[in-house]
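Right, one structure below, let's go through it.
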Amino acid sequence: MLDRLYKLLPHFFQNLMVTLFNLKNYRIRYGGNYKKYRKLYESNNFLTLNQLKEKQSSKFKELIIFAQDNSAFYRDLYKDIPTSSQLEYISELPIVSKEMLRKQIEKVYTINKNEAVVSKTGGTTGKSLEVLFTKDNFQERFAILDNFRNISGYELGKKTAWFSGKNLLTNRDIRKKRFWKTDNLHKVRYYSTFHLKTEYLNTYIVDLKKYKPEFLVGFPSNMYEIAKFGISNNIEFPEGIVKGIFPTAETVTAESRSAIEQFFKTKLYDQYASSEGAPFIVECKNGNLHLELQSGVFEVLDAHNNPAKTGRLILTSFTTYGTPLIRYDIGDSLVLSDRVCTCKNKNPLVDEILGRIDDFVYSPENGKINLGNISNTLKDTKGIIRFQAIQNQLDTIIVETIVDKEFYNTSIEKKFISNWRDRIGNVMNLQILYVDEISVAKSGKYRMVKNNIKHLIDN
């Protein structure tokens, strides 16, 4: 009903509805214990690593006891094993897969939906998972996030451009080339991530220059498209307007970071979390990624479930009491670091977040090729605007590709194919299909890889 009403209203009243929607949500996010948690995480900057680990152990113990007392799923899961609430014995607990949660989610919950903040994970790799947060946990998560974003002065109410999966436009907007809606009270302009075609990119840049946001937040792939277009067309974005850029939901590649920072003339600060409620990894001013030990436990395991420096990430979250996540296999991978940062944050370092394990293509000759390697097929090429690798068969990769014919030529095509061959080998059938448009997922996120044969591959 509200959606239909929204689409009928003029632009001014649509902006007002966006503001009213935010007022309701911000009351939950920034009410209750939000300010208490902001102070808590600010004070963590003065703790030693040993003090941080002591707090982590205490929080882990509280979570295990709570889950056994309040979640039927964990009560059943642990009933036949000797369970310890001591963090040093965490490896004795079973690892929980996403499919286990999906099948028994009602037993996992510890609260009723009518008293919870409901979050749905993306459904691009299967059935969506509905997670219930307590309001207190929800406020704590936003306190962690805002404490991180405050690295460059961000606070709610400072002018922000947001690139997310909100589908807010009508046909009238598109005809008028107006690809945004604005919450004028909180100074947030939401830019559509569904209309980033080459023909519209200059319109986005013109409005960003006019709006003058202090911060950019959202999908890095979308900001990358705008930045690449601006750089390739010699468009100058004014220096000193944007103070910080905060990507969400997607892996930031070296190429996307470089282009975004170059065009917008500011620093990008990366962070890792998830809609399920994963603990946080945040980037400091030195450009290093820190595990936030107060938000959970991070285990990196090899194929035999032994601790490793590089491996798949198993998470335990301290901010998901409504839907406890204990030793949860989230499907991402991580490279831990032995380095020590010189900033005041004493949390341990991460060398690299490798991104989603299930974002890969599979070569019978070379095995899995991860997202980072796929993105690097663009090395030493030009004129490729966007591509998406699609795998529907074990022996075939289809690469849908949008090119700028002014720069793309036969020589570049050969290099692009050569880069792919370096990764997938010479046995597979590689099809480069030139298209005018590549669709985004329902969430508004662009996926570089669509692998439809994961069920055929032994993980």
- Query: So, Lys176 and His11: side-chain donor and acceptor under 3.5 Å apart, yes or no?
  - Reply: no
Smallest heavy-atom separation, Thr198 atom then Phe229 atom, equals O-CE1, 3.9 Å
>> Please determine whether the number of non-hydrogen atoms from other residues, nucleotides or ligands lying under 6.0 Å from atom CG of Asn452 exceeds 12.
In response: yes
Taken to the nearest 0.5 Å, the spacing of Ser221 OG from Lys228 NZ works out to 10.0 Å
- Task: Under the side-chain contact (heavy atoms from CB on, under 4.5 Å) rule, what do Arg421 and Met428 come out as? Steps first, then yes or no, please.
- Result: CA-CA 9 Å; Arg421 286 296 177 198; Met428 291 191 77; 4.3 Å; yes
The side chain to side chain donor-acceptor pair (under 3.5 Å) partners of Glu155 (sequence neighbours excluded) come to Arg38, Asn150
Open item on the list: Can a donor-acceptor pair be found, under 3.5 Å and without considering hydrogens, that links the side chain of Asn392 to the backbone of Ile453?
Closed with: no
Here the pair of heavy atoms bringing Gly277 nearest to Ser317 is O-OG, 2.7 Å
Checking the side chain of Thr182 only, and the main-chain atoms of Asn184 only, is there a donor and an acceptor separated by less than 3.5 Å?
no
One should read off an interatomic distance between Asn409 CG and Lys415 NZ, to the nearest 0.5 angstrom, of 13.5 Å
### Query
Under 3.5 Å, side chain of Ser337 to main-chain N/O of Val350, donor-acceptor pair present?
no
Using atom types as modelled, flag every donor-acceptor pair under 3.5 Å from a side chain in residues 21-28 to any protein atom, sequence neighbours excluded.
{"unit_1": "Asn22", "atom_1": "ND2", "unit_2": "Asp183", "atom_2": "OD2", "d": "2.8"}
{"unit_1": "Asn22", "atom_1": "ND2", "unit_2": "Tyr190", "atom_2": "OH", "d": "3.0"}
{"unit_1": "Asn25", "atom_1": "ND2", "unit_2": "Phe21", "atom_2": "O", "d": "3.2"}

In this structure, CZ of Arg339 is separated from CG of Asn286 (nearest 0.5 Å) by 10.0 Å
Smallest heavy-atom separation, Ala143 atom then Tyr37 atom, equals CB-CB, 3.5 Å
Problem - Ring center gap for Phe416 and Tyr408 short of 6.0 angstrom - result: no
Could you tell me whether Glu239 atom CD has more than 12 heavy atoms of other residues or ligands within 6.0 Å of it?
no
**Prompt:** Any side-chain heavy atom of Thr319 sitting closer than 4.5 Å to one from Phe138?
**Reply:** no
Note to self: Apply side-chain contact (heavy atoms from CB on, under 4.5 Å) to residues Leu349 and His290 and explain how you reach the verdict.
What the structure shows: CA-CA 5 Å; Leu349 294 183; His290 292 258; 3.3 Å; yes
With a 4.0 Å cut-off on N to O distance, would you call Lys39 and Glu42 a salt bridge?
no
Show me, pair by pair, the donor-acceptor contacts under 3.5 angstrom made by side chains of residues 208-217, not counting sequence neighbours?
{"unit_1": "Lys209", "atom_1": "NZ", "unit_2": "Glu236", "atom_2": "O", "d": "3.3"}
{"unit_1": "Tyr211", "atom_1": "OH", "unit_2": "Lys187", "atom_2": "O", "d": "3.4"}
{"unit_1": "Glu214", "atom_1": "OE1", "unit_2": "Lys243", "atom_2": "NZ", "d": "2.8"}

| Side-chain heavy-atom pair Trp180, Phe163 within 4.5 angstrom cut-off | no
* Asked: Is Gln431 reaching over with its side chain to a backbone N or O of Ile398, donor-acceptor style, under 3.5 angstrom?
  -> no
Closest heavy-atom pair, Trp420 versus Ala389, reported as atoms and distance to 0.1 Å, is CH2-CB, 3.7 Å
Report the relative orientation of the aromatic rings in Tyr30 and Phe142; use parallel for angles under 30°, tilted for 30 to 60°, perpendicular for over 60°. perpendicular
Cation-pi between Lys177 and Phe179: NZ/CZ under 6.0 Å from ring centre and within 45° of the ring axis?
no
Taking Leu378's backbone N and O only, do any of them form a donor-acceptor pair with Thr381's side chain (distance below 3.5 Å, no angle check)? yes
Check: Do the side chain of Arg423 and the main chain of Asn419 share a donor and acceptor less than 3.5 angstrom apart?
Finding: yes
For the residue pair Phe237 and Phe263, does the interplanar ring angle fall in the parallel (under 30°), tilted (30 to 60°) or perpendicular (over 60°) class? tilted
> Taking it one step at a time, do Phe148 and Phe246 satisfy ring pair (Phe, Tyr, Trp, His ring centres under 6.0 Å)?
Replying inline: CA-CA 10 Å; Phe148 153 65; Phe246 303 103; 5.6 Å; yes
Open item on the list: Do Thr253 and Ser256 pair up side chain to side chain, a donor and an acceptor below 3.5 Å, judged on atom types alone?
Closed with: yes
When you compare the side chain of Glu255 with that of Tyr224, does any pair of heavy atoms fall below 4.5 Å? yes
Margin query: Within the 4.5 Å heavy-atom criterion, are Tyr34 and Asp146 side-chain neighbours or not?
Written below: yes
**Report entry** Contact check, side chains of Tyr434 and Glu400, non-hydrogen atoms, under 4.5 Å
**Finding:** no
- Query: Side chains of Ser152 and Lys267: closer than 4.5 Å at any heavy-atom pair?
  - Reply: no
- Hey, is NZ on Lys35 packed in by over 12 heavy atoms from elsewhere, all under 6.0 Å? no
Only residue of Thr248, Ile281, Ile151 satisfying side-chain contact (heavy atoms from CB on, under 4.5 Å) with Gln271 is Thr248
**Asked** Does any non-hydrogen side-chain atom of Asn171 lie less than 4.5 Å from one of Asp173?
**Response** no
Separation between CG (Leu9) and OH (Tyr6), nearest 0.5 Å, reads 9.0 Å
Between Tyr191 and Asp207, is any side-chain donor less than 3.5 angstrom from a side-chain acceptor? yes
Does Glu292 reach the main-chain N or O of Phe280 with its side chain, forming a donor-acceptor pair under 3.5 Å? no
### Task
List the steps, then state whether salt bridge (Lys or Arg N to Asp or Glu O under 4.0 Å) holds for Lys382 with Asp404.
CA-CA 9 Å; Lys382 61 180 180 179; Asp404 185 335; over 6 Å; no
- Task: Report yes or no: does Thr320 contribute a side-chain atom to a donor-acceptor pair with the main-chain N or O of Pro324 at less than 3.5 Å?
- Result: no
Worksheet entry | Arg312 bridged to Asp332 by N-O distance under 4.0 Å | no
- Task: Answer yes or no: are there more than 12 heavy-atom neighbours, outside Lys450 itself, under 6.0 Å from its atom NZ?
- Result: no
The reported gap from OG in Ser119 to CD in Glu130 (rounded to nearest 0.5 angstrom) is 9.0 Å
Worksheet entry | Donor-acceptor contact below 3.5 Å, side chain Asn137 vs main chain Tyr321 | yes
Is it the case that the side chain of Gln139 and the backbone of Asn33 share a donor-acceptor pair, with hydrogens and angles ignored and the cut-off at 3.5 Å?
yes
> Hey, are Asn345 and Asn347 close enough side-chain-wise for a donor-acceptor pair under 3.5 Å?
Replying inline: yes
- Kindly indicate whether the side chain of Glu140, heavy atoms from C-beta on, has any atom under 4.5 Å from the side chain of Tyr41. yes
For Glu276 and Lys98: C-alpha separation, side-chain torsions, deciding distance, then whether salt bridge (Lys or Arg N to Asp or Glu O under 4.0 Å) applies. CA-CA 10 Å; Glu276 294 107 305; Lys98 187 170 290 190; 3.2 Å; yes
